[in-house]
Every structure is written in structure tokens, then in C-alpha cells.
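Heads up, the thing below is written out as C-alpha cells.
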There are 4 protein chains.
Amino acid sequence: MPQKVTPDASRRSETARRAILAAALDLVGEVGYAKLTIEGIAAAAGVGKQTIYRWWPSKGSLLFDAFLTLATDGQEDQAAALPDTGDVMADLKMVLRATVAELNEPRYDQPMRALHTEIVHDPALAADYAKRLDEPMRELKKDRLRAAQRAGQVAEDVDLDVAVDMLFGPILNRWLQRTGPLTPEYADRVVETALRGLQPRKAEQF
Amino acid sequence: MPQKVTPDASRRSETARRAILAAALDLVGEVGYAKLTIEGIAAAAGVGKQTIYRWWPSKGSLLFDAFLTLATDGQEDQAAALPDTGDVMADLKMVLRATVAELNEPRYDQPMRALHTEIVHDPALAADYAKRLDEPMRELKKDRLRAAQRAGQVAEDVDLDVAVDMLFGPILNRWLQRTGPLTPEYADRVVETALRGLQPRKAEQF
Amino acid sequence: MPQKVTPDASRRSETARRAILAAALDLVGEVGYAKLTIEGIAAAAGVGKQTIYRWWPSKGSLLFDAFLTLATDGQEDQAAALPDTGDVMADLKMVLRATVAELNEPRYDQPMRALHTEIVHDPALAADYAKRLDEPMRELKKDRLRAAQRAGQVAEDVDLDVAVDMLFGPILNRWLQRTGPLTPEYADRVVETALRGLQPRKAEQF
Amino acid sequence: MPQKVTPDASRRSETARRAILAAALDLVGEVGYAKLTIEGIAAAAGVGKQTIYRWWPSKGSLLFDAFLTLATDGQEDQAAALPDTGDVMADLKMVLRATVAELNEPRYDQPMRALHTEIVHDPALAADYAKRLDEPMRELKKDRLRAAQRAGQVAEDVDLDVAVDMLFGPILNRWLQRTGPLTPEYADRVVETALRGLQPRKAEQF
DNA sequence: TTCTAAGCGAGACGGTACGTCACGTCTTGTC
DNA sequence: GACAAGACGTGACGTACCGTCTCGCTTAGAA
């Protein structure tokens, strides 16, 4: 017999839910991930701790929801597609510059770091993240690259997942590990290098 | 009255130091990062808590030292250089496959995840990591790429830091975020894609 | 706006009332007073918590009602009078032995202890107890003693309240505080000692 | 293997111990037993909760110690003996009046009620109470009655334990249950009735 | 070689947060 | 409108660790 009954979601207080997510974001920004406590979130949200424990299995999943809210808010249409001016390099530079800008945005910095920490140690959360945040974004990126393939700007035999990793992985790592400054210029360089490849070319086509 | 006396390193017990580092590695492997406690490490090492607090300013720096021990042990010469058979693609595949293998090694997995978590939230530790672990490895990688440049296998105008990030970033990210399986084949694909670039070529050269 | 509406007793569910009282008695016997909770009683009775809070102001008063039910059940005539065989000592021994037997009865033990605990800390409940449980029983006891006075077996100038206290107080205390075994023999001894008094007699009259 | 290691009493902080006992007494007097919390005591004593849990297994045993402190403080010689003027009735009246006065003393009232509540539900604590508080007092009372027996003022065949119960039981009950006012006159009446007994006498001797 | 001051193990201490339990109130839908 | 159900804000529970602080006990380097 299951002893942990699922609560009745239909009775859930929307007010409380929103207050909790907002408080979580505010607090992680203020005090950082290390000092982020459930107790603190509950207090800041004017909510009982139990109301948090009732609806979220872990701090990580709360953080995840909070982050989703942050990412989704304001963009109802939810980013239909990446820009396509016909020039794949220019478009990619724009996207990577936007990514860099977002990561440098204080409002996003702490929550994203917190979320990444949880993901690293919680495979279930990682799966959720992969499915609900990474996957959609990745598809948009792959869509743009597919268009570039059709336009003859990206080789047909390129594994687009690898391509996406190669474009965004360096950015994310540099941000997480602070191995160097995360600038628009760096984003440009990554795009250029990824597109052209490391090997020299006999005949330039650019 | 001075309240923070620098301890006299000459009197430091080497036995205790080693026991603590070993216990930290063992424990992080057994119980994971989230349940890793100073108290637990002290108990496992048969050591007083104060002995830990005396020599390490934070759990992260202890983890860092423990990790250093792990990485250094057994390889006295400390990895003189990366292999250079003259074929840069083959060599890079070997190195990335080795990296993948290491990340998949259970003995390394938990400690590295723990260390990365600390790095994400502690800039000072991140600087230490960049300087003492990332930097030396990065130099070796750049050395190999420089050799490839001299051999005409890598373009002269490539930013080698970007190149290294583009090769290893995808691997590290996939491991940290579990966005996909981390296989030798994936490593190969990354190397191939990075070398050739995403753009098509007018005249194939290989 | 009125916030405390008196509930309409005519609509009260007799089924729920009985289920609650029965559940309270069962539970206090099973888990003891310390772990007796309103939530537990409601669950055991298959009743909403509000139904309890609607009809009882405190756990003590619920316990009191439950205890009344227990004491009243089965004896419809409600103990018309104490036995009167003409021999006051024999009769009192019988009554005290019955009291001892009841207190040793597991079914009564926990509920009575629980009730006494509440009484000790709740003067209002104590008054209720005194009026509705203690008083009637005390009157029966005093009636028997009055009969004994008329029969010349008890002195005319004895304060009957004191007499009752002196007979039943020791029993109750020994039970509550477990200062010694609560046996029928002890009951006999109390009766004998109370009747004869502590002082020696010049001429025995037994 | 026992997992609950006994703490090292030699390292115990006397300051903390005293602060806790004092805070417990203060608080139980201020807020009453029902609202007495470990957390509150710890806060009032300026002590961590763990320090209480480390040294006392239950709230009851803490209350017991606190009460012992209260009862012992100031009377170093610890009540050598009860008064013996040669007149047992007068002496007993004095003792019972003192008992009544103590029970009516606000400083003692709440702590004693609290302690009694715990005793009622905790046999182990009851045994402790019987041994360390009840027993010594009982012996003093029995000593006085034994002297009275030697003086021919109390019958030789009286069970002194029963006698003590008969004298003090009524007082304690009336106080706990508030079945009536607890006055010096009531104490006198109990003594008189207990000594003379309920039965009439053929030849009065006093 | 003795003294003495440091590091050491142990662990008690004042704290903070944990995750759970029950409180008493409130709301929702059923009878 | 009483009822079963149960979510809510509140607050205490007892536990786990935090980082600091003594305690004796070795154990080395200066006297």
C-alpha cells in the first residue's frame, strides 16, 4: 500500500504556488544557492513549510519550476523560432551573444547556477531539465541549422546535436567554471571557429 | 588579541592529512555530495573536526585537495605531454576518448561532480581550479594543437583557447547535465566535427 | 460579520457523535494519552476534523464526554445506591474493592489517566468533572455513610466529605502516582484504618 | 551495538544545566504546562536544544530535575525530621497545613501540576518520583507516626503507609482535582478524622 | 633532557535548518 | 446547514551538522 498519497491538485492554492516560486527566485538571487533554505522561502512567501513539501519533492524541483516561470514569463508565444536572415553565421552570433547576455544578467545568474548544481547531483531532475528546458531550445537551434543545411551553408553530414553542443557547450562551461571572461567577442569567436572548423582550407569560400 | 592564529605547518600531521583526504574521497563516493559532511569525514578519518577546520577553509577546498590527490596519484611525472603521432584527428580522438572514460569511471564521477558544484558557487575556488587543474591541462592541449598548426593540420588563425573549449566543453556538459549518453563514439564525432567545421567544403581534402 | 456561529444541535449527526466518542476511547487505549490527536480521532471515526471542533471546545471535553459514555454505558439505572447490608465496614470494603478493580481494568486505565491529566490543567473541565462525575458518586457514598451514622456505626460529628476523601483519596493517588501496588487488600486496609482511626482505643468495640 | 552513546558527564556545562532548570521553572509558571516547550526552554535559557536533549530523555525528567532543584534549594540540611512536640495531632496539623500552604503557593503550583501530569503517564518517571521525592518524605512522616506509636498516641497495629496515604491523599487529590477549597481548616479536619476514625467511641478519651 | 607549546582526538556547546506532525481555520462539493 | 475531505498558515518536534570552544594527550623543538 502506498503511504505517500498524492495531494489533490484541484484544491491547490494558486496564490501560494506563485508566492513560493517568486520567493525562491528572489531569495536565491539575494543570498545565493548555498544559503537558500526551504524555511527561508516559506517565510518570504508567507507560506507554511508543509505547503512547499506537499507540492515539491526536493529543493531542486522547486528551483526548476521557479526557473521555468522565469524563463517563460512574458514570452507567451514561447520563442517561435530562432532568427533566420539567410546568413547562418550572423544569426548564430546573435543567438550566442544573446545567450551570453542572459548568463551575465544578474537576475538569471544565481538561479541558473543553483539549478545546474541540483541537476549535477539529481539524475531525475536532470532528465526533467533535458526534456522540458534543454530539448525545446535544442530543437529550435537544430531547426535553424537544418535550414542552413538546406541553404548549403552547413554540411549535410553534420550531426546537429554535436553541432549544438559545440556551439553552446563552450559558453556554458566558461560561465559555470569561470575559466575566462564571458564576452560577446568570445561568442563570435566560437561561432566562427565552429563553422569554419580547425583545419585549414585549400580554397576559402567564405 | 589575535583570534585567528596561522597554524604551524611544520607540525602538521601527515597521517591525519592523508586520512582526511582519503576519507573525503571514499565518502563522497559512498554517500554522494549532498550527504557529505565534515563531521562524517572527521569520523571516517578518525580525526577531530578541528583538525579539518584548522587546515581547510571550506568543504570545497578540501574536496579540491582530495581531487588533486586522486588526479596526481600514480602519475609521478604528471603527464608530460599529449600523444603526438602526427595525425591530429587520431590523437584528439584518443584524448577525448580517455576523458570520456575517466568521467565514466565511478571512482571519479562523484568527486568530480562534487568539485564542480563547489566551483560553480565559489569564485575563489574556481580561480584555484582554473589555475591548478584546468590551466596545466589546457596548456598540454594547446601544445598539441600548436604542433598541429606547425604541421599544417590546424589553421594558423584559430584561437586555441576556443578550440580547446569547443573540443572538451561538449564532453563536460554532456557529463554534468546528462543530456545524452557519454560514449567514445560521441567523442569521435566531436573531434571530427570540430576539425572539419560545420560549413561544407568546395574541395574535400581528406 | 459574526465569526463564531453556534451550531444547530438539531441537525447534529448522532452517528458521527458516537463514532467520535468510540474512536477517542479506542485510540486513547491503543496509543495512550500523549499520542492522542484530534486528527487521529477524526480519521479513526471516519469523520472530518471540523465535526469535532464544531461540537467540542477542547480535547479534554471530548475526553470527558467519551469517559461519561464509558461510565454510563450498560448501566441504565445509573447506580441507584451503594450496597447496604447493615455492616458498613463490609460494604465499604466492597465498594473500594470495586473501585480498585475498575482502576486496574485496562479498558478504563488510559481514558481515566487522560481525563485526570486534562482536569489537572483545566479548571473549567475540573468544575465540570466535579459536578457531573464526582458529585453524584460522592453523594451516593455520603448517603451510605449517613445511613451508617443513623445505625450508630459512624460518629455523628464526622464531616462526610472528609470521610469520603479519606477513603477514596488514597486509592486514587496510589493509582495515579503508582506509589505502590493497588490491591484489594490495600482497599481493605484503608477501610479498616479509616473506620477505626489511628489512635488506640481503651475499650475495643469492634 | 548500542547506537545511543551516553554523553561524557565530566564535560557537562554546569552553567547550561542551571540555566535550563531555572528557565523550565520560570516558563512553566508563566505559560503553564500545556504551552511549555523544549524550544521555549532552550531559548529562555540561552542554550541549544540539543543540550537539553543530550542530558534529559524527556520533558518529564527535565521537569523532575527542575522540581528537585526547587524543592532542595535553600534547605541544605534537607528537612531533618518532622516536628515532635509530643502532641501528634497538633504536629500533624502543622505538617498538613504546611503542605496545604505549599500547594497554594503560586511558585509551586504549576511546576507540581506539570510534574504530576508527566508522572501519571510515564511509569519510569513515576518510579523515579516515588524513590527520590515521595519515599524520603514518606519516611519522615512514618518516623513521626512511629514515635507516636511509642508514645501510645497511635495504635500499634496501624499500617503506617496506609496512615500516611490517608492523611496526605485527600489533600493532594483536592488540590489536583479542585474538588473543593484547599484550606488549613480542611487540613485540620482530615487530621482529626484520621486520628479518631469514623466509628463512634463508647468512652471518649480525649 | 627537560620543558613547553603546538597539533591532535574527542566531543560539548549555541545555533540553524531539516522534514514531519498536529494544531485549529478555511474552502469545496455532497447529501 | 451539517458533513467528509483535506489544503492552508502556524509552530513545535527531535535530529543532523555547522563552526567554535575547551579538555587531556602526545610529541616535537628550544632551553
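A, B, ... follow the sequence lines: proteins, then strands. Residue 1 opens every chain.
Rounded to a whole Å, the NZ atom of A:Lys35 is 14 Å from the C1' atom of E:dG15. Going from atom CD1 of B:Ile20 over to atom P of E:dG9 covers 7 Å, rounded to whole Å. Atom CD1 of B:Ile52 is separated from atom P of F:dC17 by 13 Å (rounded to the nearest Å). Rounded to whole angstrom, the span from the CD1 atom of B:Ile38 across to the P atom of E:dG11 amounts to 18 Å. What separates NZ of B:Lys59 from P of F:dC18 is a distance of 6 Å, to the nearest Å. To the nearest angstrom, P of E:dG15 lies 17 Å from OH of D:Tyr53. Atom CH2 in D:Trp56 sits about 15 Å away from atom P in F:dC13, given to the nearest Å.
Figure legend: A:Arg12 and A:Trp56 shown as a cation-pi pair, the cationic atom lying under 6.0 angstrom from the six-membered ring centre and within 45 degrees of its axis.
Considering all non-hydrogen atoms of both residues, D:Val47 and D:Ala16 come closest at CG2-CB, 4.0 Å. Heavy atoms only, all atoms of each residue included: C:Ser58 and C:Asp122 are closest at OG-OD2, 4.5 Å. Scanning both residues, B:Leu125 and B:Ile119, for their nearest heavy atoms gives CD2-N, 4.1 Å.
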Chi angles and distances behind the side-chain contact (heavy atoms from CB on, under 4.5 Å) call for B:Arg178, A:Tyr129: CA-CA 10 Å; B:Arg178 296 182 228 256; A:Tyr129 171 80; over 6 Å; no
Heavy-atom protein contacts under 4.0 Å, nucleotides 1-11 of chain F, coded B base, S sugar-phosphate only, - none: BSBSB-BBSB-
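Between the side chains of A:Tyr33 and A:Glu118, a donor-acceptor pair is found at a separation under 3.5 Å.
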